[in-house]
Number of protein chains: 2
Amino acid sequence: MAYENDYKAVSLYEVADKAGVSSATVSRVINNSPNVNPETRLRVQQVIKELRYTPNRVAKRLRNRNASNNLLGVLIPDIQNPFYVEVLRGIEDVAYENKYALIVCNFSQDEKKEKLYLDILLSESVDGLIAAPTHENDQKVINIVKSGLPIVCVDRGLTGVDVDLVVVENRNGAYSAVDFLAKQGYKRIAYISGLPQLPSSRQRESGYKDALADNGLVFDGSLVKYGDSRHESGVKLSEELLNLENPADAIFTGNNLITLGALETIHKRGLRIPDDVAIIGFDDMYWSISLNPPLTAVRQPAYEIGKRSAELLIQRITDPARPTVSMTLKTELMIRNSC
Amino acid sequence: MAYENDYKAVSLYEVADKAGVSSATVSRVINNSPNVNPETRLRVQQVIKELRYTPNRVAKRLRNRNASNNLLGVLIPDIQNPFYVEVLRGIEDVAYENKYALIVCNFSQDEKKEKLYLDILLSESVDGLIAAPTHENDQKVINIVKSGLPIVCVDRGLTGVDVDLVVVENRNGAYSAVDFLAKQGYKRIAYISGLPQLPSSRQRESGYKDALADNGLVFDGSLVKYGDSRHESGVKLSEELLNLENPADAIFTGNNLITLGALETIHKRGLRIPDDVAIIGFDDMYWSISLNPPLTAVRQPAYEIGKRSAELLIQRITDPARPTVSMTLKTELMIRNSC
DNA sequence: TATTGCAATAAAAACGTTTACATTATTCAA
DNA sequence: TTGAATAATGTAAACGTTTTTATTGCAATA
């Protein structure tokens, strides 16, 4: 089971030995504590370099269980969704700048995995957590908030607890998309929703309905389909919409992967976009321009979502007492050629 | 700095106390050691449940420095590249099945970050590592191999050391793509390479050259451009190719992101694919069918690359003595409409 | 001179596990 | 009835840090 470890990591003690000081002094040098003789400091630093000593993060974490260890946990619902990857990039950059390491867990929309990874992150003594809970009543996450561990939620809030939150204007973003469709003259505008238990899905739906109403279009329940955030969802539900005896002439897709799925269906059927059916997506991708046709979409500032949430988290770790903030970022309608 | 921790994690000792046994016994129960009285075991399990005890992974790892801790490190060159995300998914699934946790580090093609994350992973006492080194002479990674820590390389090998390796048939994949272009009648076939220091890039180039030769096409150095694995690279280098006085009539792109960049350029110029210029990509994406036009591409079995490498790694951790293996997976030409 | 204060350092405990070793109780053969 | 073997459990050390507390030496003060 154990591998033969030719390479034996050097410990603080060996440094201390070689430098002729105690482990405490070495520790003080490493952590830039005051009250160490400049000569001693220099000598110790010399030995550290010689022995190529690197501190053992695990020991450090165990010792400093409830101080900061420069370690953040990130709980990602679906790493295959480019939106979350972009969010992650924002988090990474801020973490890196602030010398925090990251443990990234992707639970692939699987609640069992979410629970497991959450336990692992806690057990790893992370200083704080960035998470997108599976739904508003995610008890596991709610308990963590209650426990006092610093946490920032992205994309989705939690009911009944006060928590730092970074979201986008879902309702307005959806409204602008559907309003745009309506203004273009589309009459039977469908909505393929992501998981309906997500606040974001419901907010987008309400934007959809409001835009219909404001444009004098009647709401038709058969034009709303509920899926999740997987590609297959988009494939299947767009088929249903096109199979209607009175089919949709435009589709508003609730997220990234649904959009790609819907495009696949439309292309497979040989329909032309936007002539036969128009499409507009929530979530933009940098390669949307290379889609067929270039996709019109509501852009979420994903990178910034990540950046902001990491900033908030680090702030909270530094100052646990600061009041929670709820940050709402703007979306932007990227008009191209799909409607 | 420290946050107020209302929620105090229970330790083994508290379980031991409450169950009226020693810490050793509790540990034995947790680890399913034999030689514990069934009644005692039951009682301890009861208390564990009551107290909602979860073992502290950090303490465990410190104690068992050189035994297995069910923890793997993954070093990803670019999390924004869907290819690596798919590889990661393969790794995750195997890890999950085998009860290994993962620390995923994305170094975004930045060697400084690579070094930092490598140090962190070592310092975290991972049982093993899956990495795609930045190049064949990546000393940091080579040293790890030499140290005896179990490691599997994906996509890229290392010179001078014997290491488990999972790659694809780069030369053959490229050959099939370029051969296909030639057979379609394209005469001025360009190649936009990824980083030339990567073995995979060079292998693909050799496939490109061989296919040209076998089809009686002369090699023209001005039709080969060297970039990296970023989107911008594809944008810029395809522009250069189209600006040639005698421009390319077909482009073979060396990877995912280059392909998307090239598509962007071609669309911006209002050129038609494949009539004005054809394109074929190394790396397929599941949404390639939704591109304009549906992209013909060489598919790498990314998920399987991840799966295999994780399997190899776990094997090596279990049996450090087994001889290294080098696994080469097949590619597949996905013919659609871009050439 | 005796005391105090300070700077520099050391000693030792603690974090939460696992495990080698020690101890006790029980069973069974001689 | 002894003794040995075995099963069940306990004790304590160890992993590599940080930090509290203690110690030392020395300079400054009364």
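FYI, side chains are in, hydrogens and waters are out, and symmetry mates aren't considered; it's all heavy atoms of this structure.
- Ionic pairing of B:Asp138 and B:Arg156 is not present here: no N-O contact between side-chain nitrogen and carboxylate oxygen is shorter than 4.0 angstrom.
- Donor-acceptor pairing under 3.5 Å is recorded for the side chains of A:Tyr303 and A:Asp93.
- Comparing A:Tyr53 and B:Val36 along DNA chain D, the residue whose closest nucleotide (by nearest heavy atom) sits nearer the 5' end is B:Val36.
- Counting to the nearest Å, the C1' atom of D:dT24 and the CG atom of A:Asn35 are 15 Å from each other.
- For B:Arg61 and B:Glu124, the salt-bridge test passes: some basic side-chain N is under 4.0 Å from an acidic carboxylate O.
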Restricting both atoms to N or O, compile the protein contacts to nucleotides 23-28 of chain C shorter than 3.5 Å, with distance only.
none

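- Atom CD in B:Glu39 sits roughly 11 Å away from atom P in D:dA8 (whole-Å rounding).
- Considering only the side chain of B:Ala59, C:dT17 comes nearest among C:dT9, C:dT17, D:dG16.
- The main-chain N or O of B:Ile79 is found under 3.5 Å from a side-chain atom of B:Asn106 such that the two form a donor-acceptor pair.
- Atom CG of B:Asn69 is separated from atom C1' of C:dG16 by 13 Å (rounded to the nearest Å).
- Heavy atoms of B:Asn56 sit under 4.0 angstrom from primed sugar atoms or phosphate atoms, though from no base atom.
- For B:Leu12, the listed nucleotide lying nearest its side chain is C:dT17; candidates were C:dG16, D:dT9, C:dT17.
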>> With salt bridge (Lys or Arg N to Asp or Glu O under 4.0 Å) as the criterion, how do B:Glu92 and B:Arg89 come out once you've worked through the C-alpha distance, each side chain's angles and the decisive distance to 0.1 Å?
In response: CA-CA 5 Å; B:Glu92 277 180 350; B:Arg89 289 288 301 114; 2.7 Å; yes
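- Summarising the geometry, the separation between CG on A:Leu62 and P on C:dC15 is reported as 9 Å, rounded to the nearest angstrom.
- A side-chain contact (heavy atoms from CB on, under 4.5 Å) with B:Thr324 is found for exactly one of B:Val163, B:Asp164, B:Leu165, namely B:Asp164.
- In this structure, NZ of A:Lys60 is placed 19 Å from C1' of C:dG16, rounded to the nearest angstrom.
- Between the C1' atom of C:dG16 and the CZ atom of A:Arg65 lies a distance of 8 Å, rounded to the nearest Å.
- When atom types are taken as modelled, the side chain of A:Glu97 and the backbone of A:Val94 share no donor-acceptor pair closer than 3.5 angstrom.
- Counting to the nearest Å, the P atom of D:dT17 and the CG atom of A:Asn31 are 11 Å from each other.
- If you take CG of A:Asn37 and P of D:dC26, they are 13 Å apart, rounded to a whole angstrom.
- Projected onto DNA chain C by closest heavy-atom contact, A:Asn64 and A:Pro38 fall at different nucleotides, the more 5' of which corresponds to A:Pro38.
- Between A:Glu311 and A:Arg316 there is no salt bridge, since none of the side-chain N atoms of the basic residue sits less than 4.0 Å from a carboxylate O of the acidic one.
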Set out, line by line, the N/O atom pairs under 3.5 Å between protein and nucleotides 10-13 of chain D.
residue	atom	partner	partner atom	Å
D:dG10	OP2	B:Ser22	N	2.6
D:dG10	OP2	B:Ser22	OG	3.1
D:dG10	OP2	B:Thr25	OG1	2.8
D:dG10	N7	B:Arg28	NH2	2.9
D:dG10	O6	B:Arg28	NH1	3.4

> Between B:Ser108 and B:Asp110, is a side chain to side chain donor-acceptor pair (under 3.5 Å) present by the stated rule, with each step listed?
Replying inline: CA-CA 5 Å; B:Ser108 298; B:Asp110 175 342; over 6 Å; no
